[in-house]
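What follows is a set of notes on a single structure, which appears directly below.
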2 protein chains.
Amino acid sequence: MSKQSPVLSLTDLNAGTPCCAPMSEQRIPAQTAAVLAPAFKALGDPVRLQLMSMIASAPAGEICVCDLTPAFDLSGPTISHHLKTLRETGLVDAERRGTWVYYRARPGIMRQLASLLQIGMPASA
Amino acid sequence: MSKQSPVLSLTDLNAGTPCCAPMSEQRIPAQTAAVLAPAFKALGDPVRLQLMSMIASAPAGEICVCDLTPAFDLSGPTISHHLKTLRETGLVDAERRGTWVYYRARPGIMRQLASLLQIGMPASA
DNA sequence: TCTCTGATTCGAAGAACGTCGAGACAACCC
DNA sequence: GGGTTGTCTCGACGTTCTTCGAATCAGAGA
């Protein structure tokens with residue numbers, strides 16, 4: 001179970017299983033690419049990238065939507081849509097407490113993406 | 001010049017300047033997000049993610065297009081289009097030698113992305 | 001020079017994406 | 001209960017993306 005599951009899911013990734021070696025050392029299998037590409041795509045929008053960083057760097061570990069929305073020149077529904085994208089990708093988690101909804105980063109998948117991009121030493125040059 | 005330029009470009013990033021702290025420690029400025037988001041977006045397609053890994057993990061540090069194309073069930077022009085996307089994003093570099101074109105990874109921007117995603121310790125759990 | 005192979009560019013069709021306004025749902029306060 | 005505030009869902013519109021076939025460009029070899 002530790003080598004390589006036939007099917008990969010974001011749940012596996014979030015479970016903390018170090019599934020993927022750096023892409024500079026090992027070619028990414030098609031299955032893994034299909035699972036991880038949506039996460040990169042989710043970060044591929046400037047608004048979502050900023051949202052993600054605001055959530056991940058929140059001092060309390062979480063941040064209210066009411067603090068996210070006014071930081072952009074975008075409508076509420078648009079921000080909500082982007083947050084939904086991040087949620088569905090597994091990058092963040094949402095929790096409603098009373099009137100407000102709080103978002104929290106899920107470090108598992110972020111670590112996966114980071115380790116994938118890791119590069120040791122440039123071979124030449 | 002070492003703290004933060006008013007305008008950021010991929011050239012700066014590739015120059016090796018450690019421009020960005022991990023997003024879990026510091027909120028990404030809008031400018032930086034606008035520059036880095038396209039790189040994440042480029043990796044946000046399964047085909048491009050696999051292409052990138054095949055290029056980055058090539059034993060000789062580079063790989064021929066003729067080795068990339070047959071690895072996918074896609075037409076030559078489509079692969080070429082994806083490679084162009086990776087090229088324009090600054091993730092890879094291309095060089096023609098005789099009949100064949102070789103692609104090489106540019107580690108600078110990949111390191112930037114990796115450090116951006118770096119997470120220290122999970123705050124809780 | 002002519003031809004052949006490898007890679008890119010061009011133009012087009014269909015799908016997916018980002019954005020918005022309107023409406024709906026949830027929780028608080030009077 | 002009724003009103004208010006905060007957030008999300010639903011359609012809709014215009015833009016961007018992915019993919020392909022056809023055509024073009026670059027270099028090698030006869």
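In what follows, chains are A, B, ... by sequence order, proteins preceding strands, each numbered from 1.
- For B/T78, a side-chain nitrogen or oxygen approaches OP1 or OP2 of D/dC20 to under 4.0 Å.
- Under the side-chain contact (heavy atoms from CB on, under 4.5 Å) rule, B/R48 has a single partner from B/T85, B/L91, B/I79, which is B/T85.
- Each of A/V101, A/V92, A/T78, A/L68 was compared with A/L83 under the side-chain contact (heavy atoms from CB on, under 4.5 Å) criterion, and only A/L68 meets it.
- Distance, B/K84 NZ to D/dC20 C1': 16 Å, rounded to whole Å.
- Residues from residues 45-52 of chain A with heavy atoms under 4.0 angstrom of DNA chain D: there are none.
- A straight line from CG of A/D73 to P of C/dT19 spans 11 Å, rounded to a whole angstrom.
- Comparing C/dG18, C/dC20, D/dG6 by their closest approach to the side chain of A/H81 singles out C/dG18.
- Among the nucleotides C/dG21, C/dT8, C/dG6, the one closest to the side chain of A/S75 is C/dG21.
- When rounded to the nearest whole Å, the span between CZ of A/F72 and P of C/dC20 equals 12 Å.
- Using a 4.5 Å heavy-atom cutoff, the side chains of A/S53 and B/R27 are in contact.
- Straight-line distance from the CD atom of B/E88 to the P atom of C/dT8: 12 Å, rounded to whole Å.
- The side chain of B/L74 lies closest to D/dC20 when the candidates are D/dC20, C/dA7, D/dG6.
- Closest to the side chain of A/H82, from the set C/dT8, C/dT19, D/dT9, is C/dT19.
- Of the listed nucleotides (C/dA7, D/dT9, D/dT18), D/dT9 has the atom at the smallest distance from the side chain of A/S80.
- Only one option out of A/L117, A/L36, A/T32 pairs with A/M23 in a side-chain contact (heavy atoms from CB on, under 4.5 Å); it is A/L117.
- What separates CD1 of B/I79 from P of D/dG21 is a distance of 13 Å, to the nearest Å.
- If you check every strand for non-hydrogen atoms under 4.0 Å, B/Y103 touches sugar and phosphate atoms only.
- Nearest-nucleotide mapping onto DNA chain D: of A/G76 and A/K41, the residue sitting toward the 5' end is A/G76.
- If you measure from atom CG of A/L86 to atom C1' of C/dG18, you get 14 Å, rounded to the nearest angstrom.
- Rounded to an integer number of Å, the gap from A/D67 CG to D/dG6 C1' is 12 Å.
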For nucleotides 23-30 of chain D, just jot down a letter per nucleotide in 5' to 3' order: B, S or -, based on protein non-hydrogen atoms under 4.0 Å.
---SSS--

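- A donor-acceptor pair shorter than 3.5 Å cannot be found between the side chains of B/R96 and B/Y102.
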